[in-house]
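Some notes on the structure that comes next.
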Amino acid sequence: MKNVCRFVLLSLCAGLLTGCHFIKVPKLAKQGNVTKSDYLHEVPFDYSKGLILVDVLINGKTYNFVFDTGAELSVIGAHIKDAVDHKVIASAKVKATQNKSESKVHFIRIPSIILASVDFENTGAIIADLAHMNEPFGCRPIDGIIGNNLMRKAAWQIDYAAERLRVSDSTGKFSVSEQASALVMDAGRFRNVFFDVTIDSVSARFAFDTGSTGNILADSSFFARLQAKNPALEYTSTTGFTSTDLNGKQTGRTISARVKRIDIEGLVIPDQIILLSGRSTYLMGNEVYEHFTLTIDWEHDTLFLDPTKPVEADTLKGFEIRIVPNFVTRQMEIARFQDQYPLADPIAMDAKILKINAVDVSHFTMDELCTYWEQEEENFRNTNTLDLELLDEGVTKQVRLTNKVLLPK
């Protein structure tokens, strides 16, 4: 059973280069190489909050990076740029996907990034401010992103069950069973990989995106098409924080819809809950892939999905309010409101949470908040009620939340 607290989409930089007219940028994405030959290495990764977090070595120092197939270029956090050797190639302004605000990014070349004992030389990357990523990842801050431009220089295997990442000069050195589904990537030499996906007779192309924590994300027009095919489509919705990209937090309405059949180029997954938002984004994320061992064969343009655990029929639970930790403010905060179950006494999104189940959560240190959330996150999913004490526009309020089955209805 899913709980809405899993629905934190982190589409970190899908489509980041759209609208960028620098001729050097596509060339930069194609650059880079591995001097090593005849190799097979394996490293552990941390599958945390629905993302693949892996250690990389740059200039002799270890950093925490997201392994993100949906990122067209790798990303270096602005907070580590002075410690990383690089050459600036170009600069550009990038618009946020929702509020159209702009931020400036620098396109660079990095002499050496070592991952799993393999030295990736002259890799193209972006310098971008990732400070806002500390809000959901403060206990293990994110320093950067491994994008698909680096990945294309080697073969990869992502073993979600064992939380191991394997890299080699050839996919022939990986174990792939006869039960694996083989999807043609049509990857070309640059930009993201897309697959043809049909959901309850409605089709679209979805990006192969391990930087997305959900399963399927589409937009409101796709939702309208689903409803046209099935007027009885079951869904529920929330309003509030929806996602984080390189321009910060995005807000709006997010719909969770229960679909009967997802067909990914012949790989059929029944009875799932997908996400739909106002963003014109089509992503397929880790909640799909975590049921498989993925083998990425760039040479033969194929993604192998080797099943490791059954995909169960989805159900969805959630409280009237979605509460998350903010590791920058060190507060527990309101992220979203469940539209179908409004509170009898409405509260503002910026209301300060003072206590949860009589525990004072208003004055945590970073270590205390990390410990609290490590212990309580699972309880938040499974408990039937939460008692809150909040400060809302100067008034102290007591609120009891009830965990409800939202889908199927």
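Numbering starts at 1 and runs along the sequence shown.
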Residues D196, R205; criterion salt bridge (charged side-chain N to carboxylate O under 4.0 Å, His left out); working and verdict: CA-CA 5 Å; D196 294 320; R205 288 174 63 78; 3.0 Å; yes

Ring geometry between Y39 and H41 (parallel below 30°, tilted from 30 to 60°, perpendicular above 60°): parallel

Side-chain donor-acceptor contact under 3.5 Å, D55 with N64: no

F380 and Y372 aromatic ring geometry - parallel, tilted or perpendicular at 30°/60° bounds: perpendicular

Single hit among L303, I158, T171 for side-chain contact (heavy atoms from CB on, under 4.5 Å) with T295: T171

N384 and N403: side chain donor to acceptor below 3.5 Å: no

Side-chain donor-acceptor contact under 3.5 Å, T402 with T385: no

Exercise: do Y160 and N286 side chains pair donor with acceptor under 3.5 Å: yes

Pi-cation contact, F319 with K404 (under 6.0 Å, within 45°): no

Spacing of CG belonging to L388 relative to CD1 belonging to I356, to within rounding of 0.5 Å: 6.0 Å

Pairwise side-chain contact, F304 with L294, heavy-atom cut-off 4.5 Å (strictly under): no

Side-chain H-bond candidate by donor/acceptor type, E333 with N326, under 3.5 Å: yes

Polar contact flag, side-chain donor to acceptor under 3.5 angstrom, D339-S237: yes

Polar contact flag, side-chain donor to acceptor under 3.5 angstrom, Q338-E320: no

Test item: L165 and D159 side chains (from C-beta on) under 4.5 Å apart, heavy atoms: no

